[in-house]
Amino acid sequence: DFEIDDFDIVEIYNNFVYKFKDGIVYKRVLKPEDLEKRILAFDSKSLFKNNAKFIEFDLVLADYLVDPEFASNKSTIEPIEYILLKYLGQKLNFKNNEQIIAQKLKAVYLLKDELENELKNLEMEKLLKEIEIPVSKVICDIERNGIKVDTDYLLHLKKEFETNLKEIEKNIYELAGIRFNINSPKQLSDVLFNKLKLKPIKKTKTGYSTDTETLLELSKIHPIAKKILEYRELFKLKTTYIDSILSLVNPITKRIYPQYNQRGTSTGRISAFNPNIQTIPIKSELGRKIRKAFISDEGKIFIKADYSQIELRILAHLSEDENLVYAFLNDFDVHMATSRIIFQKDDINDEERRVGKTINFAIIYGISPYGLSKQLNIDENLAKQFIESYFNYYKGVKMWIEETKKFARENGFVKTILNRRRIIPKIGINSQNKVIREAWERICINTPVQGSASDIIKIAMIRTNKYNIVLQIHDELVFEVDENKVETCSKEIKEIMENVLNLKVPLKVDVEIGKNL
DNA sequence: TAGCACCAC
DNA sequence: ACCCGTGGTGCTA
């Protein structure tokens with residue numbers, strides 16, 4: 001028998017508690033009082049899942065803050081494998097659970113001081129203790145909550161989609177004069193460009209592209225293109241959303257339990273999987289039908305709270321651009337404002353506003369005339385003019401972009417409002433190769449903006465956790481609350497979210513209420 | 001497993 | 001033809 005003391009290195013698994021001390025791993029049955037201690041973890045989420053309350057250190061998150069580039073979605077490697085290799089030059093020796101636990105605990109023992117010092121030097125200790133570890137607890141709660149699915153409705157939708165798909169499929173075969181696998185880009189391109197002799201528009205590595213842009217262009221010439229677009233949309237929605245969600249519904253609770261990866265991105269955003277709840281359709285009419293399948297429990301109701309224009313507000317804050325700051329201080333329609341500058345007139349129609357909106361987003365992504373011209377389907381020279389007009393008006397934004405790139409070239413990293421950082425390899429940002437260099441430049445610009453937005457939503461998550469969060473979709477939180485408390489809750493949530501940080505422009509949160517998403 | 005395609009913010 | 005940022009997922013070959 002042994003005690004768990006404050007600041008012990010601990011793991012909990014299958015109702016056993018493990019502790020690393022003096023080179024030895026101790027194991028015994030978990031006791032309730034173990035959960036009251038302030039402990040050090042390899043991965044706090046696993047401990048929070050086992051009801052630990054106070055976690056003082058998390059090796060995986062500490063490593064993520066020091067260098068967020070390892071997004072585990074990009075590799076099949078587990079954090080333990082990655083950390084052993086990166087810091088200790090070791091391979092994961094044994095693969096049974098107990099041995100892995102032992103290696104995790106030992107890694108904490110060996111690396112904690114080093115990483116804590118590193119975080120101190122980078123002024124990121126607070127980010128770990130006050131943001132990431134608490135967020136880990138919030139994520140744990142969100143994953144436990146899950147979200148209810150109306151399976152009857154979804155099954156009905158599935159039938160409807162399948163009927164439509166069959167019909168469209170038949171149509172396509174008739175128009176093509178042959179049966180083939182529409183889901184195979186290879187076979188499709190053979191039908192379009194050989195059999196039907198349509199003109200290819202662009203190439204991929206392996207042949208001619210059949211993407212949406214191409215098919216949109218081809219629909220001017222041949223009716224099959226439009227049918228294929230319809231087929232694609234329906235098929236995508238059915239397989240990725242309806243089928244997969246149905247397969248993930250817990251038959252007892254009628255809920256799905258999406259998981260979140262706290263080190264899933266290089267910017268600080270959280271990613272989601274099983275299913276990727278952050279990509280539930282919303283833009284198309286059919287997509288919105290799928291949203292309706294997510295319902296609140298009896299007696300409960302959803303509160304959706306999303307930050308309005310958060311990334312542009314952050315750009316205003318970071319750049320201190322006079323005109324952009326002014327726009328947000330006065331709650332202007334900022335896409336409209338940009339359109340007026342681009343088109344040099346007051347009266348802006350919907351199409352022109354769309355152009356302004358695209359340009360505003362393009363700035364955040366690190367703009368290039370080429371990219372903008374493709375996005376807007378306009379001449380590259382015109383795109384160039386638009387960008388010049390933009391920067392001529394938003395001079396502070398232009399200056400901030402230049403300064404940020406310079407900072408990265410000299411320091412080898414960029415940072416967010418909360419001092420989250422992303423390493424920018426000097427060899428990349430200073431590369432002779434224009435494509436490589438400009439790609440890193442775009443990352444330099446996008447990361448502080450996207451990353452600061454994630455800083456803000458993370459504070460919001462921590463402060464609103466008591467309201468029963470069921471989803472996090474980057475700049476949006478969805479809560480499931482008692483119907484009779486909806487008014488006070490939504491007021492409080494909005495208040496909390498709008499005041500997580502005091503920026504040079506106000507944060508604005510839009511709140512919606514509903515029985516489905 | 002890579003490549004394509006496409007959903008979201 | 002080319003990357004305008006961050007992801008996850010389903011399909012084919």
Side-chain angles (χ1 to χ4, degrees), chain A residues 68-69 71-74 76 180-189 200-215 228-229 231-245 247-248 258-261 263-284 286-287 290-291 306-307 309-311 315 358-376 380 383 387 422 433-451 453-454 457 471-476 517:
Chain A
E69 206 61 41
S72 58
N73 60 292
K74 287 180 189 160
T76 53
F180 65 102
N181 188 341
I182 306 166
N183 294 317
S184 162
K186 192 164 180 274
Q187 292 184 34
L188 176 60
S189 114
I201 299 190
K202 56 183 176 182
K203 284 183 180 172
T204 66
K205 266 187 213 174
T206 50
Y208 295 126
S209 173
T210 65
D211 66 6
T212 306
E213 199 192 327
T214 305
L215 293 171
I228 292 163
L229 285 168
Y231 178 91
R232 283 239 177 104
E233 184 185 10
L234 275 168
F235 193 86
K236 171 83 180 176
L237 293 177
K238 179 180 125 58
T239 53
T240 309
Y241 299 101
I242 300 181
D243 294 343
S244 84
I245 286 168
S247 78
L248 290 167
Q259 292 177 261
Y260 293 83
N261 183 351
R263 43 179 307 163
T265 75
S266 304
T267 56
R269 271 193 186 175
I270 297 163
S271 66
F273 61 101
N274 281 350
N276 183 350
I277 199 72
Q278 293 174 324
T279 60
I280 299 300
I282 188 158
K283 285 171 183 165
S284 76
L286 287 171
I290 288 171
R291 286 229 155 193
D306 71 291
Y307 281 107
Q309 312 284 17
I310 190 166
E311 295 194 338
L315 181 65
T358 304
I359 293 172
N360 279 338
F361 279 110
I363 297 288
I364 290 169
Y365 297 149
I367 199 165
S368 81
Y370 169 76
L372 185 63
S373 72
K374 266 198 93 173
Q375 179 77 22
L376 288 173
E380 203 173 318
I387 295 168
R422 179 173 183 180
N433 182 325
K434 185 165 166 267
V435 175
I436 293 174
R437 185 178 65 248
E438 288 180 347
W440 280 107
E441 286 179 351
R442 289 191 292 274
I443 287 171
C444 282
I445 300 315
N446 178 256
T447 296
V449 176
Q450 196 183 110
S454 77
I457 196 91
L471 294 181
Q472 193 265 33
I473 313 180
H474 304 311
D475 59 0
E476 168 185 346
L517 288 188

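What you are looking at is a predicted structure, and each value in this text was computed from that prediction instead of being measured. By convention in this document, chain letters (A, B, ...) are assigned in the order of the sequence lines, proteins followed by strands, and residues within each chain are numbered from 1.
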Grab the [atom1]-[atom2] distance between [X] and [N] for me, whole Å please.
{"X": "A/Asn274", "N": "C/dG10", "atom1": "CG", "atom2": "P", "value": "9 Å"}
{"X": "A/Leu188", "N": "C/dA13", "atom1": "CG", "atom2": "C1'", "value": "15 Å"}
{"X": "A/Arg422", "N": "C/dT6", "atom1": "CZ", "atom2": "C1'", "value": "8 Å"}
{"X": "A/Glu438", "N": "C/dG5", "atom1": "CD", "atom2": "P", "value": "11 Å"}
{"X": "A/Asn261", "N": "C/dT6", "atom1": "CG", "atom2": "C1'", "value": "13 Å"}
{"X": "A/Leu372", "N": "C/dC2", "atom1": "CG", "atom2": "C1'", "value": "15 Å"}
{"X": "A/Leu471", "N": "C/dG7", "atom1": "CG", "atom2": "P", "value": "20 Å"}
{"X": "A/Ile436", "N": "C/dC2", "atom1": "CD1", "atom2": "C1'", "value": "13 Å"}

Could I get the full list of side-chain contact (heavy atoms from CB on, under 4.5 Å) partners for [X], not counting sequence neighbours?
{"X": "A/Asp211", "value": "A/Lys202, A/Ser209, A/Glu213, A/Thr214"}
{"X": "A/Tyr365", "value": "A/Phe361, A/Asn446"}
{"X": "A/Ala439", "value": "A/Arg442"}
{"X": "A/Pro281", "value": "A/Leu237, A/Tyr241, A/Ile290"}

Would you say [N] has OP1 or OP2 under 4.0 Å from some side-chain N or O of [X]?
{"X": "A/Ser271", "N": "C/dG8", "answer": "yes"}
{"X": "A/Ser368", "N": "C/dC3", "answer": "no"}
{"X": "A/Gln187", "N": "C/dA13", "answer": "yes"}
{"X": "A/Thr358", "N": "C/dC4", "answer": "no"}

Please state the P separation for the pair C/dC4 and B/dA2 - nearest whole angstrom.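 Going atom to atom, P in each nucleotide, I get 24 Å.
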Considering heavy-atom distances to DNA chain C, does A/Lys202 or A/Leu376 have its closest nucleotide positioned more toward the 5' end? A/Lys202
Want to settle it: does A/Phe273 or A/Glu380 sit nearer the 5' end of DNA chain C, counting the closest nucleotide to each? A/Glu380
If you look at every strand shown and take non-hydrogen atoms under 4.0 Å, does [X] touch a base, only sugar-phosphate, or nothing?
{"X": "A/Ile290", "answer": "nothing"}
{"X": "A/Asp243", "answer": "nothing"}
{"X": "A/Ala453", "answer": "nothing"}
{"X": "A/Tyr370", "answer": "base"}
{"X": "A/Phe235", "answer": "sugar-phosphate"}

Looking at the base of C/dC4, is there any donor atom on it, or on the side chain of A/Arg442, that sits under 3.5 Å from an acceptor on the other one? no
In the 5'-to-3' direction, what one-character label does each nucleotide of nucleotides 4-9 of chain B receive under the scheme B = base within less than 4.0 Å of a protein heavy atom, S = sugar-phosphate only, - = no such atom? SSBBBB
A/Ile270 backbone acceptor or donor facing A/Gln278 side chain under 3.5 Å: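 Yes.
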If only atom types and distance count, is the side chain of A/Ser184 paired as donor or acceptor with the main-chain N or O of A/Asn181 below 3.5 Å? no
Considering only side-chain heavy atoms of A/Ile443, which listed nucleotide, C/dC11, C/dG5, C/dT9, is closest? C/dG5
Under the salt bridge (charged side-chain N to carboxylate O under 4.0 Å, His left out) test, residues paired with A/Glu233 that sit two or more places apart: none
Distance-minimising heavy-atom pair for A/Ala383 and A/Pro369: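 Taking A/Ala383 first and A/Pro369 second, the nearest heavy atoms are CB-O, 3.4 Å.
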